[in-house]
Amino acid sequence: MPPSHSGYLTKQESIAVHGADDLLICSLLDKNQFYDPLDEALNLGISSATWPLFGLLWPSGLHMAERMAQRPVTAERILEIGCGLGLSSLVAHRRGANVTASDCHPLTHAFLDENTRLNGLSPMAYRHGLWGTPALRGDGLPVLTAAHDAGVSGLFDLIVGSDILYERDDEGTLASFIHAHAAVASEIWVVDPNRGNRSAFHKHMARVGFSMHEQVLDQSAHDDSLAYKGRMLTYTRG
């Protein structure tokens, strides 16, 4: 189980994913949690303000999980990047897909292991995934990029990520990371809650050979579902 230190609190809740069985998910209690006594997150460029983001369930992640629930299970290799709590990976893993979850937060792996255990699933493949260079530390000290887990390696047929266009990326580091790990013939799914960085990402993805299809995901609040505004971005090549 993820260590329940005095530095942060967790909760467990049943999450309904349309098209799949509910999942029991352990997450951070709220976005005010923080625990980094050894500066492990800080040394990966993760500030105290952004530290809890990995451990929360986000609407875009739920939309991606629902799409993963509809994906036919084949022998294809799937990679989730910026997975956070890995809801999409858990859905795919339970269905028998060959999926690897990845993130750069030092506690992601522990939470993923706990959530596979809570749902009676076998361990899932996990890798450290960081595109570009880490953010600078606020105290001016050098940023260390050492991680407990091996980095993402190999090529994947499908790469998915939800709400990963949250920063300006003029250099195209995310597209370059995807290019480095995508098979020649591959598909990329990105759910974006209208962060405003799509157009630049489209250009960078076109530069590495991907064509794009964009689907509006806007929905009004109904029953237990909250209102949502965003896009499903599908990139293909080969």
To the nearest 0.5 angstrom, please state how far the [atom1] atom of [X] sits from the [atom2] atom of [Y].
{"X": "K11", "Y": "C26", "atom1": "NZ", "atom2": "SG", "answer": "10.5 Å"}
{"X": "H63", "Y": "H18", "atom1": "NE2", "atom2": "NE2", "answer": "11.5 Å"}
{"X": "R67", "Y": "T234", "atom1": "CZ", "atom2": "OG1", "answer": "4.0 Å"}
{"X": "I164", "Y": "E80", "atom1": "CD1", "atom2": "CD", "answer": "9.5 Å"}
{"X": "L24", "Y": "S14", "atom1": "CG", "atom2": "OG", "answer": "6.5 Å"}
{"X": "D113", "Y": "L121", "atom1": "CG", "atom2": "CG", "answer": "11.5 Å"}

For [X] and [Y], does a side-chain donor sit closer than 3.5 Å to a side-chain acceptor?
{"X": "T173", "Y": "S176", "value": "no"}
{"X": "H148", "Y": "E40", "value": "yes"}
{"X": "E187", "Y": "T236", "value": "no"}

Would I78 and F156 count as a side-chain contact (heavy atoms from CB on, under 4.5 Å) if you check the C-alpha gap in whole Å, the side-chain angles of each, and the deciding distance to 0.1 Å? CA-CA 6 Å; I78 303 171; F156 296 84; 5.7 Å; no

When you look at D218 and K229, which way does the salt bridge (Lys or Arg N to Asp or Glu O under 4.0 Å) test go after all the steps? CA-CA 4 Å; D218 295 3; K229 289 186 176 295; 3.7 Å; yes

Less than 4.5 Å apart, any side-chain heavy atom of [X] and any of [Y]?
{"X": "D22", "Y": "I15", "result": "no"}
{"X": "L44", "Y": "H128", "result": "yes"}
{"X": "W58", "Y": "L53", "result": "yes"}
{"X": "N98", "Y": "E76", "result": "no"}
{"X": "S102", "Y": "C83", "result": "no"}
{"X": "E214", "Y": "R198", "result": "yes"}
{"X": "L79", "Y": "V99", "result": "no"}
{"X": "S88", "Y": "L62", "result": "no"}

Do S220 and Y228 pass the side-chain hydrogen bond (donor to acceptor under 3.5 Å, both in side chains) test, and can you show the C-alpha distance, the side-chain angles, and the key distance before you say yes or no? CA-CA 7 Å; S220 301; Y228 181 82; over 6 Å; no

Would you name the heavy atoms of [X] and [Y] that are closest together and state the gap between them?
{"X": "C104", "Y": "I46", "result": "O-CD1, 3.8 Å"}
{"X": "M64", "Y": "G161", "result": "CE-O, 3.4 Å"}
{"X": "L155", "Y": "A182", "result": "CD2-O, 3.8 Å"}
{"X": "H204", "Y": "A175", "result": "CB-CB, 3.5 Å"}
{"X": "P52", "Y": "K31", "result": "CG-O, 3.2 Å"}
{"X": "G86", "Y": "L112", "result": "CA-CD1, 4.4 Å"}

ring-ring contact (aromatic ring centres under 6.0 Å, His included) partners for [X], two or more places apart:
{"X": "H202", "answer": "Y235"}
{"X": "W51", "answer": "Y8, F34, F54, H105"}
{"X": "H109", "answer": "Y126"}
{"X": "F177", "answer": "W131, H181"}

Salt bridge (Lys or Arg N to Asp or Glu O under 4.0 Å) partners of E66, counting only residues at least two apart: none

Results of salt bridge (Lys or Arg N to Asp or Glu O under 4.0 Å) for D36 - residues two or more places apart only: none

Membership question, hydrophobic clusters at under 4.5 Å side-chain separation (ILVMFWY): are L118 and M124 in the same one? no

Count I, L, V, M, F, W, Y as connected when their side-chain heavy atoms are under 4.5 Å apart, and connections chain through other members. Are V73 and V160 then in the same cluster? no

Donor-acceptor contact present, side-chain [X] to main-chain [Y], <3.5 Å:
{"X": "R117", "Y": "P123", "answer": "no"}
{"X": "D192", "Y": "R231", "answer": "no"}
{"X": "D169", "Y": "L174", "answer": "yes"}
{"X": "Q12", "Y": "I25", "answer": "no"}
{"X": "D157", "Y": "R77", "answer": "yes"}
{"X": "D149", "Y": "R127", "answer": "no"}

For E171, look at atom CD and say whether over 12 heavy atoms of other residues, nucleotides or ligands are found less than 6.0 Å away. no

side-chain contact (heavy atoms from CB on, under 4.5 Å) between L87 and L23, worked out: CA-CA 8 Å; L87 191 62; L23 282 162; 3.7 Å; yes

Applying side chain to side chain contact (heavy atoms under 4.5 Å, CB included) between L233 and each of L165, I188, V191, report the one that passes. L165

Could you walk me through whether N115 and L90 pass the side-chain contact (heavy atoms from CB on, under 4.5 Å) check? CA-CA 8 Å; N115 284 323; L90 288 164; 3.9 Å; yes

Would you sort out whether S186 and F210 count as a side-chain contact (heavy atoms from CB on, under 4.5 Å), showing the intermediate values? CA-CA 9 Å; S186 52; F210 286 94; 3.6 Å; yes

